[in-house]
*Asks:* 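Quick one: this structure, given as structure tokens, is what I'll be asking you about.
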2 protein chains.
Amino acid sequence: MVFSALADPTRRAILAMLLEDDMAVTDVAEPFEMSLAAISKHLGILSEAGLIAREKRGRVIWCKLEPDALRTASVWMQGFGQFEPVDLDAFERFLADEFNPIDEAGLATG
Amino acid sequence: MVFSALADPTRRAILAMLLEDDMAVTDVAEPFEMSLAAISKHLGILSEAGLIAREKRGRVIWCKLEPDALRTASVWMQGFGQFEPVDLDAFERFLADEFNPIDEAGLATG
DNA sequence: AGGATCGTCAACCAGATGGTTGAATATAGG
DNA sequence: CCTATATTCAACCATCTGGTTGACGATCCT
């Protein structure tokens with residue numbers, strides 16, 4: 001379920017990282033202060049929700065954002081929001097603000 | 001947290017009901033096959049997430065949708081969705097489709 | 001005042017969730 | 001082939017979640 005997947009700050013942080021670029025599982029895990037297995041589980045949940053896709057190349061699994069699921073859920077939510085068109089700047093603000101999942105998630109500093 | 005609040009099908013069903021009109025707690029609970037106390041908890045979570053507001057008039061507490069929180073979260077999600085403007089019809093389809101929370105939630109039939 | 005209705009609170013319970021560790025699988029490379 | 005790397009799997013654990021029931025406070029009505 002998309003919303004359950006988004007409910008966890010670690011997973012939102014992962015999505016934010018993948019917004020920058022596709023990443024290998026190990027690299028996704030690197031900034032977090034938790035085990036690789038935990039991150040692997042999170043990636044499984046994100047994948048199950050359709051929010052990311054995983055593609056194996058050699059022994060490395062590449063993760064990339066799958067924006068459709070988010071768009072879909074966003075449509076649902078906008079149904080309640082009375083459809084004022086959304087502006088890009090607001091998103092930038094959130095990424096630098098308290099809504100920022102990176103701050104909430106237990107990221108290693110450095 | 002908005003996304004945790006949205007993660008539960010009962011709560012999404014409640015939001016869909018409130019989209020129609022403001023409702024008293026008892027009336028919100030009526031179609032569900034669970035106790036009033038359970039619904040009261042759900043309303044507390046929705047309220048905590050800023051998704052609804054509750055106003056006491058006499059002994060009745062009226063619940064109404066608070067679309068700002070949804071708009072806010074929707075903005076965040078659209079940040080990942082590459083910002084194609086969203087159309088209203090899509091929302092209508094969801095309400096009649098598998099994304100419909102009313103079907104997922106344990107609603108009494110009739 | 002007294003009874004019925006509206007809603008929440010508190011205690012409790014089963015199952016889901018998010019984390020851990022250690023073993024297992026698959027691939028790359030010397 | 002052998003070892004190191006990349007990732008998942010399985011078992012386990014603590015905490016959160018969503019439900020229950022029964023008691024309670026507040027309000028309306030007669």
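Not measured: the values here are computed from a predicted model. Sequence lines set the chain letters: A, B, ... in the order given, protein chains first and strands last, and positions in each chain run from 1.
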*Asks:* Following the transitive rule for hydrophobic clusters with a side-chain heavy-atom cut-off under 4.5 Å over Ile, Leu, Val, Met, Phe, Trp and Tyr, establish whether B:Ile14 and B:Val60 coincide in one cluster.
*Replies:* no
*Asks:* In this structure, how many angstroms lie between the C1' atom of D:dT20 and the CD1 atom of B:Ile39, rounded?
*Replies:* 13 Å
*Asks:* Should B:Leu65 and B:Leu51 count as side-chain neighbours, where that means a heavy-atom distance under 4.5 Å?
*Replies:* no
*Asks:* Encode nucleotides 22-30 of chain D as B, S and - characters from 5' to 3', where the letter depends on protein heavy atoms closer than 4.0 Å: B to the base, S only to sugar-phosphate, - to neither.
*Replies:* ----SBS--
*Asks:* Show each protein N/O and nucleotides 13-19 of chain D N/O combination with a separation under 3.5 Å, one pair to a line.
*Replies:*
residue: D:dG18; atom: OP1; partner: B:Arg11; partner atom: NH2; Å: 3.1
residue: D:dG18; atom: OP2; partner: B:Arg11; partner atom: NH1; Å: 3.4
residue: D:dG19; atom: OP2; partner: B:His42; partner atom: NE2; Å: 2.1
residue: D:dG19; atom: N7; partner: B:Lys41; partner atom: NZ; Å: 3.1
residue: D:dG19; atom: O6; partner: B:Lys41; partner atom: NZ; Å: 2.4

*Asks:* Sorted by first residue and then second, give each side chain to side chain donor-acceptor pair (under 3.5 Å) pair with at least one member in residues 58-69 of chain B; sequence neighbours left out.
*Replies:* B:Asp68-B:Arg71
*Asks:* Could I get the full list of side-chain contact (heavy atoms from CB on, under 4.5 Å) partners for A:Thr26, not counting sequence neighbours?
*Replies:* none
*Asks:* Partners of B:Ile61 by side-chain contact (heavy atoms from CB on, under 4.5 Å), sequence neighbours excluded?
*Replies:* B:Val25, B:Arg54, B:Lys56
*Asks:* Go through residues 48-55 of chain B and report each residue with a non-hydrogen atom lying under 4.0 Å from DNA chain D, sorted by number.
*Replies:* none
*Asks:* Side chains of B:Leu6 and B:Leu70, heavy atoms from C-beta outward: is any pair under 4.5 Å?
*Replies:* yes
*Asks:* Ignoring hydrogens, what is the shortest heavy-atom contact between B:Thr10 and B:Met34? Give both atom names and the distance.
*Replies:* OG1-CE, 3.6 Å
*Asks:* Whole Å only: how far is the CG atom of B:Leu36 from the C1' atom of C:dT8?
*Replies:* 9 Å
*Asks:* Can you find a side chain N or O atom of A:Ser40 that sits less than 4.0 Å from OP1 or OP2 on D:dT7?
*Replies:* no
*Asks:* Could you tell me how far apart A:Leu6 (CG) and C:dT17 (P) are, to the nearest whole angstrom?
*Replies:* 14 Å
*Asks:* Can you tell me the distance, in whole Å, between the CH2 atom of B:Trp62 and the P atom of C:dC6?
*Replies:* 11 Å
*Asks:* Determine the contact category for B:Ile61: base if any of its heavy atoms lies under 4.0 Å from a base atom, sugar-phosphate if only primed atoms, P, OP1 or OP2 are that close, otherwise nothing.
*Replies:* sugar-phosphate
*Asks:* Name each donor-acceptor pair under 3.5 Å that joins a side chain in residues 36-50 of chain B to protein atoms two or more places apart or in another chain, with its distance.
*Replies:*
residue: B:His42; atom: ND1; partner: B:Arg11; partner atom: NH1; Å: 3.1

*Asks:* Specify the separation, in whole Å, of atom CG of A:Leu43 and atom C1' of C:dG18.
*Replies:* 14 Å
*Asks:* Holding to salt bridge (charged side-chain N to carboxylate O under 4.0 Å, His left out), I want the full list of residues that pass it with A:Glu55, two or more places apart in sequence or in another chain.
*Replies:* A:Arg57
*Asks:* Does anything in residues 13-26 of chain A form a salt bridge (Lys or Arg N to Asp or Glu O under 4.0 Å)? List the pairs, not counting sequence neighbours.
*Replies:* none
*Asks:* Does a side-chain heavy-atom distance below 4.5 Å link A:Met1 with B:Pro9?
*Replies:* no
